[in-house]
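The block underneath contains the structure these notes are about, expressed in structure tokens.
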Amino acid sequence: MTLAIHQLLSAGTPSPEAVEEFLRAHRFPVVERSSVTFVFRGEADAVHLQHWIYGLPSAVPFQRVDGCDLWYLVQEIPARSRVEYKLEVRRGELSRLIRDPLNPLLAHDPFGANSVCHGADYREPEWIAPDPEARPGRLEQLAVPAPALGGERAVTVYLPARFRASRRYPLLVVHDGEDYLRFTGLKTILDNLIHRHEVAPMVVALTQSQDRLRDYAADAGHSGWVAGELVPWLEARYPLLPEPAARGLAGASFGAVAAFAAARRHPGRFGRLLLQSGSFAFTDIGPSRRGPAFEPVVAFVNEWREDPVAIAERVFVSCGVYESLIYENRSLVPLLERAGMQVRYVEAFDGHNWENWRDRLREGLSWLFPGPFWFIYE
Amino acid sequence: MPTVILLGPQRFTRTLSEAAARAGIAGRFASVTAGWQEREAEDLELHEHLGERTGNLSLYARTEDAFERDPALARAHRERQEKLRELQALYRIRLGHAQAALRELAGRESDPELLDEERTSALAAIRALDARHLERVAEVHHRFESALRPRARPALARHRAAVERQLERSEAVLVAGGHVPVLLNRLRLFGFAELVGQRPVCAWSGGAMAMTERVVLFHHSPPQGYGNTEVLEAGLGLVRGLVVFPHARRRLLLDDARRMELLARRFAPAECLTLEDGAWLIDRDGTRESGPGLARLGTDGRVAPLAAA
């Protein structure tokens, strides 16, 4: 197969019109099976691809086409991948890190957004799009007392469609809940999966920390608030099922550590955990490369790893193979299993971003809180 | 056998009144919405669609009341349900392995002389497993019926008599879909087939599944696992020779010829029919008339629209 870029260049330096036509005729980067062609057009002294694939050289140089302002780079990227990247464009002494001007697709992470390349055969799941047949749930904005932490905390509560006070529901507490709503479209996903009966109708409490690097770093005060104040407060207000199997915690990155820590510190309270790309840094088999923010996490995870006890009945763990945290998450799984928990572990060709976490929600939620889809034909 | 009208899902495309008129039903309907469980009474839309000609038989609520009044019945019923759940789980284990073997053989390239018979045997093993499962479930039901005689117990007999009186004022009976095991359970508990007699029955989605001889649960793209189609138990058998698949476009991989072929061959000689929105089929003791929206799964793997009569 001749790649599109090689066809363009087959007759030598292309004319400006031919370059225009090439740019107009393709979506960028150009994905041709496993070959992906990144393209930049503009004056520069050097262009590099800065990608977020852990373990590979992070800056890969583009090649300039002789006699024109077109730059390109062909990379091999596995099918079904999503790869985050930016372009480093250097001109003289000035170097700029920019999103790909030719690619409108973005991946969001806790710190911002990058361009993202969808490899061959990657498809956005159909269940993330609003389904006109799905009955919508509703969101309630609440202020929950947090005396131990000082003041109160804003919490958004998702109530499923056709919520009724005479029925009892499972509860899931989601860390970084507002980000889940904004970047994964969690409300739409819950509406869809509950409508399809793939996930049980459930109440979801979406929390958001003002200082997540402190609260979520296995902070005992935060764990205590979640288990000792937030959950009882919700139980007093909503008809929730009392058993641990109907009570879960979720989070991504540092949020996963917060979920893990709350379950660890309050045994028997939470039966379900959804841990996405958790920042489970440890040092028992070598030093951590992480920064000072991870120190409390390292101490907490090391302690658990010394004596890995069960902290829930079912744990869903997911991680992207392109993130550096793949090492920590892979290391966690056998210990969770050895401690006697049911573990579902999923890896994706993806990075540390919200779209990765979004794409795993159907599998995770339906395993932790299965709905009766198999039996219902409305 | 009563005239039975099988319909596709009714939430967005309501064909119920049109199909009922086609079958010559002009009077009142008694409705069964027990598959909606605790939402059984939320049938206002149905009532309005049929020009306020319906009365709900409330089989779900009546059963709950009977259980409350007769704890021995409730306990025995709960134990039976636990037994059925466990039986289904055991069947599922064997089915999973049998299906995996069939899939592996279906994808294997080998001497046709050797392979064809192995494939045929693998499918026969699944058919035998299905048949044995149906027998075992029937045995559990039989033991429960013999030991408890539920319809003779005052707590249920009282409700059954009330249902009979409601039916006397009804020309036909509607059966909505929903949770199929719950629906079937309530229909069986009340002796639905006997109660209905020769009144026409209009049933849609899960309700249509319950009217056939075999209730088949299916989803080819579940959130977990492969989605092995499984037999639940015998239906009421008011329609013979059919296995119906409502919401087929959403729940089946209709373009996967191999899976379609295996479904059709697994349940042959019964016909496998998809029931999409708008579909209708009228069965008058085996003589059938149908409209658009029905398709037949062929043993060649093709899904062909059923010619409208």
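Quick caveat, the model's predicted, so the values are computed rather than measured. Below, chain A is the first sequence line, B the second, and so on; all start at residue 1.
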Donor-acceptor pairs between chain B and chain A under 3.5 Å, which ones?
| unit_1 | atom_1 | unit_2 | atom_2 | d |
| --- | --- | --- | --- | --- |
| B:Arg11 | NH1 | A:Glu133 | O | 2.7 |
| B:Arg11 | NH2 | A:Glu133 | O | 3.1 |
| B:Glu38 | O | A:Arg164 | NH1 | 3.4 |
| B:Glu38 | OE2 | A:Arg167 | NH1 | 3.1 |
| B:Arg39 | NH1 | A:Arg162 | O | 3.4 |
| B:Arg39 | NH2 | A:Arg162 | O | 2.9 |
| B:Glu42 | OE2 | A:Arg164 | NH2 | 2.2 |
| B:Gly178 | N | A:Tyr377 | O | 2.8 |
| B:Gly178 | O | A:Tyr377 | N | 2.9 |
| B:Val180 | N | A:Phe375 | O | 2.9 |
| B:Ser205 | OG | A:Glu378 | O | 2.6 |
| B:Gly206 | N | A:Tyr377 | O | 3.0 |
| B:Phe218 | N | A:Tyr377 | OH | 3.0 |
| B:Ser221 | O | A:Arg362 | NH2 | 2.7 |
| B:Gln224 | OE1 | A:Ser366 | OG | 3.2 |
| B:Gln224 | NE2 | A:Glu363 | O | 2.7 |
| B:Glu230 | OE1 | A:Trp374 | NE1 | 3.4 |
| B:Glu230 | OE2 | A:Trp374 | NE1 | 3.2 |
| B:His247 | NE2 | A:Glu378 | O | 2.8 |
| B:Arg250 | NH2 | A:Asp131 | OD2 | 3.0 |
| B:Arg251 | NH1 | A:Phe373 | O | 3.4 |
| B:Arg251 | NH1 | A:Ile376 | O | 3.0 |
| B:Arg251 | NH2 | A:Phe373 | O | 2.7 |
| B:Arg251 | NH2 | A:Tyr377 | OH | 3.4 |

How about B:Leu50 and B:Leu174: do any of their side-chain heavy atoms sit closer than 4.5 Å? yes
Partners meeting salt bridge (Lys or Arg N to Asp or Glu O under 4.0 Å) with B:Arg266 (sequence neighbours left out): B:Asp130
Taking C-beta and beyond as the side chain, do B:Leu263 and B:Phe218 meet within less than 4.5 Å on heavy atoms? no
Taking C-beta and beyond as the side chain, do A:Leu181 and A:Leu139 meet within less than 4.5 Å on heavy atoms? yes
Counting heavy-atom pairs under 4.5 Å with chain A, which one of B:Gly35, B:Pro222, B:Gly227, B:Ala176 comes out on top? B:Pro222
Between A:Pro160 and A:Ile194 the two heavy atoms that sit nearest each other are CB-CD1, 4.1 Å
Is there a side-chain contact between B:Leu16 and B:Leu46 (heavy atoms, below 4.5 Å)? yes
Do B:Leu7 and B:Leu275 come within less than 4.5 Å of each other through their side chains, counting heavy atoms only? no
Ranking B:Ala208, B:Gly177, B:Pro181, B:Gly207 by heavy-atom pairs under 4.5 Å to chain A gives rank one to B:Pro181
